[in-house]
Number of protein chains: 2
Amino acid sequence: MRADAQRNYDHLVTTARAVFAEEGPDASLNEVARRAGVGPGTLYRHFPTREALLVAVFRERILTLCGQASEMTLAEWLRVFLVHAQTDGGLSATMASSSGLDCHALLRSAAGGLLAKAQEAGEVRADVEVDDLFQLITGLAQAPRAQRLLDLALEGVMR
Amino acid sequence: MRADAQRNYDHLVTTARAVFAEEGPDASLNEVARRAGVGPGTLYRHFPTREALLVAVFRERILTLCGQASEMTLAEWLRVFLVHAQTDGGLSATMASSSGLDCHALLRSAAGGLLAKAQEAGEVRADVEVDDLFQLITGLAQAPRAQRLLDLALEGVMR
DNA sequence: ACCTGAACACCGTTCAAGT
DNA sequence: ACCTGAACACCGTTCAAGT
């Protein structure tokens with residue numbers, strides 16, 4: 001990677017982080033390029049899809065989240081996960097993106113470990129799968145009062 | 001309402017129903033107008049927002065859903081609600097729209113009645129509110145395997 | 001009273017031309 | 001090898017001009 005290319009890449013990620021924070025994950029990519037001072041073509045070569053850019057922006061955050069798994073219970077970790085998924089909608093998109101395969105795998109193994117432990121302890125139903133949890137989190141993240149809804153889902157509406 | 005205006009209105013709703021079915025609730029409004037054979041301005045006067053058009057398109061469906069409430073349990077009705085919310089994403093948008101206030105009120109009273117009955121019977125936790133259910137449904141509707149997730153939320157992940 | 005459709009400011013995306 | 005930015009086809013939305 002040439003020096004100027006590397007510089008553009010980094011600057012695009014930084015700028016995109018700011019723009020996504022301001023305007024959400026649907027923010028205009030042209031504006032990201034504009035603010036970064038590059039042409040739209042430059043953005044598109046570095047990041048062929050919007051998801052690729054989202055993954056680059058949120059990768060660090062995801063890695064941190066995975067690192068925290070070992071110090072938490074499943075329920076605690078899911079709540080933190082939800083906070084991230086809520087504050088930047090990009091995290092949900094990242095989960096579905098093929099360019100975020102490594103992030104996805106890391107999250108999977110982090111969640112999988114916590115889930116297995118909880119199930120062995122009899123705290124969580126045996127038929128629950130990792131994908132159930134991911135899809136629950138990313139689905140609820142879009143809704144208002146998402147944390148309340150997560151509590152509801154964890155405890156169960158019926159009783 | 002003048003005769004031609006009424007005709008345009010009806011034709012727009014019919015066309016929009018087809019277009020939304022094909023391309024989802026984010027379909028181009030210009031294309032709806034194009035297919036209906038009217039100018040975009042005509043569409044915008046009849047339906048000042050996209051939500052207004054969505055409400056008009058799905059009103060009938062919502063009324064049916066409300067009518068079915070009396071013959072179902074809460075859990076059954078929520079599942080049917082979720083099917084609607086899944087197959088046309090417009091139903092979720094309708095819930096949030098101010099131009100769908102009457103639909104919203106109807107859904108509210110239908111769900112409220114079922115919820116109260118279930119709570120009196122001790123089948124549902126006393127602290128659950130109607131809004132919890134609405135937001136849960138509309139949130140989960142976006143996710144893959146939404147029905148599975150609803151079952152999970154009803155029964156509870158933890159156990 | 002209602003409709004038309006050109007017009008505006010935007011968007012995502014591509015690609016020839018430059019350095 | 002990488003960048004530029006004009007260009008294309010679209011979008012939502014508005015509004016003067018028509019009937």
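Order of the sequence lines sets the chain letters (A, B, ...), proteins ahead of strands, with each chain counted from 1.
Base pairing analysis places D:dC8 opposite C:dG12; the two distances defining the Watson-Crick or G-U wobble pair are each below 3.5 Å. Of all nucleotides present, none satisfies the Watson-Crick or G-U wobble test against D:dA17 with each distance under 3.5 Å.
Between the side chains of B:Gln6 and B:Asp10, at least one donor-acceptor pair of N or O atoms lies under 3.5 Å. Looking at A:Arg79 and A:Gln147, their side chains never bring a donor and an acceptor atom within 3.5 Å of each other.
Checking the phosphate oxygens (OP1, OP2) of C:dC2, no side-chain nitrogen or oxygen of B:Arg45 falls inside 4.0 Å.
One interatomic measurement links the two molecules: CG of B:Leu43 to P of C:dC2, which rounds to 16 Å at whole-angstrom precision. When the P atom of D:dC3 is taken as reference, atom CG of A:Asn8 falls 5 Å away, rounded to whole Å. The distance from atom NE2 of B:His46 to atom P of C:dA1 is 14 Å, rounded to the nearest whole Å. Taking atom CG of residue A:Leu12 and atom C1' of nucleotide D:dC2, one finds them 13 Å apart after rounding to whole Å.
A salt bridge links A:Arg148 with B:Asp127: the distance from a Lys NZ or Arg NE/NH1/NH2 to an Asp or Glu carboxylate oxygen falls below 4.0 Å. Note on B:Arg17 versus B:Glu22: no salt bridge recorded, every NZ/NE/NH1/NH2 to OD/OE distance being 4.0 Å or above. Salt bridge status for B:Arg59 with B:Asp102: present, with a side-chain N to carboxylate O gap under 4.0 Å.
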Which letters describe nucleotides 11-19 of chain C, given B = protein heavy atom under 4.0 Å from base, S = only from sugar-phosphate, - = neither? SBBBB----

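Within 6.0 Å of atom CD in A:Glu23, more than 12 heavy atoms from other residues, nucleotides or ligands are found, so the atom counts as buried in its surroundings.
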